[in-house]
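Presented below is the structure to which this report refers.
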Amino acid sequence: SVNASSGTQFSFTRHSICSRDVSRTVVIISRYNRIDMADSGGGGGAGEDQPIRSQNEKRGRRGHAALPLGIIAACVITLIVSYAVAIGSKSVDPVLPFVSDLGTIPPGSSVFGFCSACISYALLLCALIRYSHVEKCLEPGPATRCNKASLILAVGSCFSMLVLVSFPQSSIPAIHKAGAFSLAILGLLYCILNVYITKAFVNSESEYVKKYSSKKVYRLRLVLLIVMVATFVVGVVFFALSDTQLVRGSKPLARQGRGAKYDHISAGCEWFLGAVMMIFVASFAFEFSKLELHIAIEHIKGKGETASLVSD
């Protein structure tokens, strides 16, 4: 039980929270939980429960859905601005350059690198919230183990993105390519695990858990995953066939090699893969719109004694 400032006591298990006068909690919970508790009766009357319901319904429409949607908006703006700067400075070929080519030559490299770093941190925050939500909802089992693995993959993906933008292909091609391939592979593995986790939500026997997903969301993510895997395979095949090398010092960037004609196909796959991945991240808005995030701050007094303060 947790004592709030108002003296209210909360008794909660892994999946439910029961209270006579709900004011705040110390865990990530859903809007549905708040509404269900308002309906469950208890010490307060209908007049006291109604503000809880209306307040959470009004705010629950937005919730934290703004985070994944904001990340996608930031990605789109970053690509548009970086492309415009690169074309304006004649740094890249305007016809289907590789995404990373936008961040190879200044001033485009500065814009692309800074924005990509900010996006990677936001993606990591998104993955942390997703991880915490799944841990609170699902019983220990294969899905929760996949959830822990997905968090590790998310950290690796964000780190790979930082490596990708920090080491342009014009300076250290080997590290740049390693960052690009690890970003794609780790990102795909993360999506695979989250499709499995979404299926676990859909197949759960708990109505509480089922509220956080739907068959439509599962099918959407499954289709997106299949498209991403197919696009990645095609892109890798044509990238291998191109066998080109970046011409150092060329402006706009140019590549030479016997398979240069395959570059545009590989670059097109890269752009398409990135777009589908962004749609996959945007789909988390469905779950995030039902979440409310609270932060618990604990001050340790001594051995075995703790005093908890709650901060929203």
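Worth knowing before you read on, the calculation uses all heavy atoms, side chains too, and leaves out hydrogens, waters and symmetry mates. Quick note: residue numbers are just sequence positions, from 1.
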* Structure fact -> Those residues at least two apart in sequence (or on a different chain) that pass side-chain hydrogen bond (donor to acceptor under 3.5 Å, both in side chains) with S283 are R221
* Structure fact -> By ring-ring contact (aromatic ring centres under 6.0 Å, His included), F201 pairs with (sequence neighbours left out) H133
* **Contacts of I192 that satisfy side chain to side chain contact (heavy atoms under 4.5 Å, CB included) - sequence neighbours left out** => L189, L225
* Give, for atom NZ of K177 and atom OG of S182, the distance between the pair rounded to the nearest 0.5 Å. => 14.0 Å
* To do: Determine, using the 4.5 Å side-chain heavy-atom cutoff (strictly less than), whether V281 and I185 are members of one ILVMFWY cluster.
  => yes
* To do: Return yes when atom CZ of F159 has more than 12 non-hydrogen atoms of other residues, nucleotides or ligands closer than 6.0 Å, and no otherwise.
  => no
* Asked: Are any side-chain N or O atoms of S204 and backbone N or O atoms of A200, one a donor and one an acceptor, separated by less than 3.5 Å?
  -> no
* **Pairwise distance CG(L188) to CG(L183) - rounded to 0.5 angstrom** => 9.5 Å
* Please report the closest heavy-atom contact between V209 and C137, naming both atoms and the distance. => CG2-O, 3.5 Å
* Structure fact -> Heavy-atom closest pair (A86 atom, L102 atom, distance to 0.1 Å) is CB-CD2, 4.1 Å
* Asked: Which value, rounded to the nearest 0.5 Å, describes the distance between T198 atom OG1 and N203 atom CG?
  -> 11.0 Å
* To do: Determine, using the 4.5 Å side-chain heavy-atom cutoff (strictly less than), whether I226 and I197 are members of one ILVMFWY cluster.
  => yes
* Structure fact -> The salt bridge (Lys or Arg N to Asp or Glu O under 4.0 Å) partners of K148 (sequence neighbours excluded) come to E135
* Tell me who clusters with I152, hydrophobic residues only, linked when side chains sit under 4.5 Å apart either directly or through other members. => none
* Can you sort out the partners of A127 under side chain to side chain contact (heavy atoms under 4.5 Å, CB included), two or more places apart, ordered by chain and number? => A154, Y190
* Indicate if V111 and L162 have the same hydrophobic cluster label, given that clusters are the connected sets of ILVMFWY residues with side-chain heavy-atom separations under 4.5 angstrom. => no
* Kindly give the heavy-atom pair with the smallest separation between G187 and M277, and that separation in Å. => C-CE, 3.9 Å
* Asked: Partners of S120 by side-chain hydrogen bond (donor to acceptor under 3.5 Å, both in side chains), sequence neighbours excluded?
  -> none
* Report the C-alpha separation of L153 and L193 in whole Å, then their side-chain angles, then the decisive distance to 0.1 Å, and conclude whether the side-chain contact (heavy atoms from CB on, under 4.5 Å) test is met. => CA-CA 10 Å; L153 292 172; L193 293 182; 3.6 Å; yes
* Using atom types as modelled and distance alone, determine if a side-chain donor or acceptor of S110 lies under 3.5 Å from a backbone N or O of P106. => no
* Spatial distance of atom SG (C191) from atom CG (L224) [nearest 0.5 Å] -> 8.5 Å
* To do: Would you give the length of the straight line joining atom OG1 of T78 to atom CD1 of I71, rounded to the nearest 0.5 angstrom?
  => 11.5 Å
Please report, to 0.1 Å, the donor-acceptor pairs under 3.5 Å made by any side chain of residues 266-273, with sequence neighbours excluded.
residue: S266; atom: OG; partner: G235; partner atom: O; Å: 3.4
residue: E270; atom: OE1; partner: V99; partner atom: N; Å: 2.8
residue: W271; atom: NE1; partner: P97; partner atom: O; Å: 2.6

* So if you build clusters from Ile, Leu, Val, Met, Phe, Trp, Tyr with side-chain heavy-atom gaps below 4.5 Å, do L222 and M228 land together? -> yes
* Asked: Using a side-chain heavy atom cutoff under 4.5 Å and only I, L, V, M, F, W and Y, what cluster partners does L69 have?
  -> none
* F284 and F280 aromatic ring geometry - parallel, tilted or perpendicular at 30°/60° bounds -> perpendicular
* **All side-chain hydrogen bond (donor to acceptor under 3.5 Å, both in side chains) counterparts of S157, not counting sequence neighbours** => none
* **Short side-chain to backbone donor-acceptor contact, S132 and I129, under 3.5 Å** => no
* Structure fact -> Applying side-chain hydrogen bond (donor to acceptor under 3.5 Å, both in side chains) to K199 and not counting sequence neighbours gives none
* Asked: So do the side chains of V92 and F98 get within less than 4.5 Å of each other, counting heavy atoms only?
  -> no
* Asked: Between S166 and V163, is there a donor-acceptor pair closer than 3.5 Å when you use the side chain of the first and the backbone of the second?
  -> no
* **Minimal non-hydrogen separation, L67 against C126, with atom names** => CD2-CA, 3.8 Å
* Asked: For the atom pair OH (Y218) and CG (N194), what is the distance rounded to the nearest 0.5 Å?
  -> 13.0 Å
* Asked: With the 4.5 Å side-chain cut-off for hydrophobic clustering, are M278 and L220 part of the same group?
  -> yes
* Structure fact -> For P107 and V85 the tightest heavy-atom approach is CG-CG1, 3.6 Å
* Just grab all the ring pair (Phe, Tyr, Trp, His ring centres under 6.0 Å) pairs involving residues 111-130, residues at least two apart or on different chains. => none
* To do: Any chance you could lay out the side-chain contact (heavy atoms from CB on, under 4.5 Å) test for R130 and F288, step after step, and finish with the verdict?
  => CA-CA 8 Å; R130 171 68 172 171; F288 281 30; 4.2 Å; yes
* Closest non-hydrogen atom pair between S100 and L164, with its separation -> CB-CD1, 4.4 Å
